[in-house]
Structures are given as structure tokens and as C-alpha cells.
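Okay, so here's the structure we're looking at.
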2 protein chains.
Amino acid sequence: MSKEIISSTFPSPQHNHSECVDAALGEAERLCRIRDLRLTPLRKRVFELIWQSHRPVTAYELLDRLVQDGRRAQAPTVYRSLEFLTECGLVHRVESMNAYVGCNQPSRGHEVGFFICEACGDVAELADPALSSSVTKGAKQLGFTVHSRLIEVRGTCRACTAIKTDDPKRML
Amino acid sequence: MSKEIISSTFPSPQHNHSECVDAALGEAERLCRIRDLRLTPLRKRVFELIWQSHRPVTAYELLDRLVQDGRRAQAPTVYRSLEFLTECGLVHRVESMNAYVGCNQPSRGHEVGFFICEACGDVAELADPALSSSVTKGAKQLGFTVHSRLIEVRGTCRACTAIKTDDPKRML
DNA sequence: ATAGTAATGTTATAATATAACAATTACTTT
DNA sequence: AAAGTAATTGTTATATTATAACATTACTAT
Ligand SMILES: [Zn+2]
Ligand SMILES: [Zn+2]
Ligand SMILES: [Zn+2]
Ligand SMILES: [Zn+2]
């Protein structure tokens, strides 16, 4: 049984995003139930806000939206929720952006890489064993024991390559 | 002619670091001369400070040292020098640490990955075509055009694995 | 109900980074 | 050399990202 390449493709521009949100929320609730983790209303709301798009969102953007909700939120509120969500694997931090994006396959423990479109800002997540093993091989040369990997690739997604016009959803 | 794996090994704990500094400085001056870039006294000093170890150093640590030198430096002074040094490839930014480390092979354009020892803090740089091509392959699956890659691997270097004692140079 | 734990609220501040404009220095042209 | 120009650095202020510390509230378990 060969290892599988698990990838979230980039969402097509016309896709029905509410399905993404529903799926992510359902999966999050299921996982938290199984693992006996508490997806409180606040944490759930932060998770929903992160899933409002496939673009990473910053902590302070989330804070603004919580305040718009009518909550009396402050920075620590957001950072605590983000800590919870990233620790249980529901959300990933994109280091090169200081921002957070929903995980597409939280139920599988995986070494992910991110592909970040510089035209539309969307991120796809790729768990490719070949990529992991390349890292491991590189490490071996150095006599280095790998604990964790961070891979963030910047470029242009298929859709944005297709529309060569200057009408991206957002410039980074 | 097969592509070469270019790697800076982790420095041995007893290595003569002043040789690293001399080599880096010499190379920096050579490159700047060739490319007609201005390695001013300030920039050179920042570069030297970065090379005081193989550990990434933050902008504000550099600022402190400049002030210790007797300069009237402020944050923008440091960030401007860092911008110059990173843009001409003499220094790399380690995104996951908000810190900066000297480049070991600035004369070659390369897609580098960083291996960061969590025990001693030292960083090695690896330019492995196999790693780059794994990224490219992953991208191809997604229909993604790669502009740049960021790879930061955390773990334990050979020396720190060897000394299982709790006497690392520095804990991260 | 009461005690204990986890989560959230609240205030303050640390750490990282940049904008804007002034002064100085270095380079070019005369 | 002097003047003009561009690049660099100085300076002040502020934006952005993140955490520490302690108070309060909500949930659990006896
Ligand atoms: Zn979607
Ligand atoms: Zn795109
Ligand atoms: Zn050295
Ligand atoms: Zn080490």
C-alpha cells in the first residue's frame, strides 16, 4: 500500500463555499467530540470566521470581526482561541504571513505544505509523502533529526494563471 | 552534469568561528564589489553582528549591539540594513523565528532550506535540488506556478544528538 | 450547594516592523 | 573645488503582532 498524496486542491472561484464551511464545522465538532475537546461558542465562532475564505486571516482581523459581532473581545481572546484551534489541528498558522487558515484534513495527522497564491491569496494544503521524505533525506545528510517541517510555497494558482487579466480576487 | 547538493554542514562545537566570519566578510565584500552594491560601514557591521554565531539573531538584538557599539541607532537603521543584506542574498530571514542568519553560499542563487537545531539554536542551510523538485512536483499536481519556497525544518543537529546530556549551548 | 478547574474578560505591556520626514554623506557633473 | 543629485542614515512617531498577569465567569464533580 503506497502512501497517498493528500491534497486540498485550490477552490474554484465559483465553488459553493458554504459547503466548505459546513464540512469544516461538522468535522471540527466531530473531532472535538471524539477527543473530548471543548469547542466552545467562542472557539467555534473564531473557527467560522477563519473559514469565511480560503485566505489566511490575521489575529487582529479576527478580533475586529468578533467586535463587530458585538462581543467585548480583546487580543488575548483571539490568541487563546487560535492556540486551541492550532493545537488540535483544526487551523494552521502560515508563518510567512502571521496569519491563520483552516485545515482541510484535520482528521489525519500530516506534515503539510502550503501553496499560497500571490494573486488571489488563497491557500492550498498539500500532504505529500514525497515532499516529507525529501526533507528527511536532506536531514540525513546533515545528521539532523527532524521534529517538524514548515513548507510554504508562494506562486500563482491555476485559476489565477488562467485569468491572466488583472482581475484577481485580491492582490497580496 | 548532475545537480549538486550544496550544504553548509552544522558547525562543530569546537570549530574556529573566526574563520567563518572572515570567510563571510570576504565573500560579502567581493560580491558587493562585483555587483556594485555598497557595503557601507553600518551594513558591514550589521553583517558582522549577524555572523557572531550560527544562530539567527533578531532585529532588536542587533539594535542593542549597535547601541553598545556607541551608535545612535534606532529600529529603522537595523531594518534597512537587514533589507539590504537579505535582498542581496548575504543574509536570510528565518520566518519561523523573526530572526536573521548569515548565508553560507551567497554567491550561488539557490533555493535554500533551513535546518534549525532546537537544542543549540544553530542553523544549517541546505540547497538540495531534490527538495526543490519535490516542491515543484507538488505544485504541478495543483496546477500551481512556484515563485519561491520557504522550508524550515526543526529538530536536533548531530552534535546535540551526540551529547544527550543537558548541556546544549542554548535552549530555544 | 460547594469546591475545583477551565475558559474568558480585562488591563497593561512586550516584541516586531514600518511610515514620514530631516540631516548627512557619497557620488556626479560642471 | 563647487554645485547638484541621489543614496544613506538619523529621528520621531506609530502600526502590527503577541503575551503576561490577574479578575471574573462558566462548567464539573462531589
Ligand atoms: Zn470554499
Ligand atoms: Zn490564485
Ligand atoms: Zn562558525
Ligand atoms: Zn544543536
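This is a predicted model, so every value here is computed, not measured. Each chain gets a letter, A, B and so on, in the order its sequence line appears, and its residues count up from 1.
- No side-chain donor-acceptor contact under 3.5 Å links A/S96 and B/E95.
- Proximity of B/T40 to the phosphate of D/dT9: a side-chain N or O atom is located under 4.0 Å from OP1 or OP2.
- Evaluation of atom-type donor-acceptor distances gives a pair under 3.5 Å for the side chain of A/R80 against the base of C/dG9.
- Separating the CG atom of B/L82 from the P atom of C/dT16 is a distance of 12 Å, rounded to the nearest angstrom.
- Comparing C/dT16, C/dA26, D/dA18 by their nearest atom to the side chain of B/N98 picks out C/dT16.
- Dashed line: the shortest gap from a side-chain N or O of B/R38 to OP1 or OP2 of C/dA26 is not under 4.0 Å.
- Atom C1' of nucleotide C/dA20 and atom CD of B/Q74 are separated by 15 Å, given to the nearest angstrom.
- B/R43 has a side-chain polar atom (N or O) that falls below the 4.0 Å cut-off from OP1 or OP2 of D/dT9.
- Between A/T86 and A/H92, the side chains place no donor N or O within less than 3.5 Å of an acceptor N or O (distance only, hydrogens not considered).
- Listed for the B/H17 side chain is a donor-acceptor partner under 3.5 Å among the backbone atoms of B/W51.
- With centroids closer than 5.5 Å and planes inclined by less than 30 degrees as the test, A/Y60 and the base of D/dT17 pass as a stacked pair.
- Taking atom CG on B/L66 and atom C1' on D/dT11, their separation rounds to 15 Å, with Å as the unit.
- One can place CD of A/E95 at 13 Å from P of D/dT17, the figure rounded to the nearest angstrom.
- The side chain of A/P76 has D/dA20 as its nearest neighbour among D/dA20, D/dT17, D/dT9.
- The side chain of A/R72 places an N or O atom within less than 4.0 Å of a non-bridging phosphate oxygen (OP1 or OP2) of C/dT10.
- Contact annotation: B/Y79 side-chain N/O to C/dA17 OP1/OP2 distance is under 4.0 Å.
- Residue B/T77 places at least one side-chain N or O closer than 4.0 Å to OP1 or OP2 of D/dG10.
- A salt bridge links A/K44 with A/E29: at least one charged nitrogen is closer than 4.0 Å to a carboxylate oxygen.
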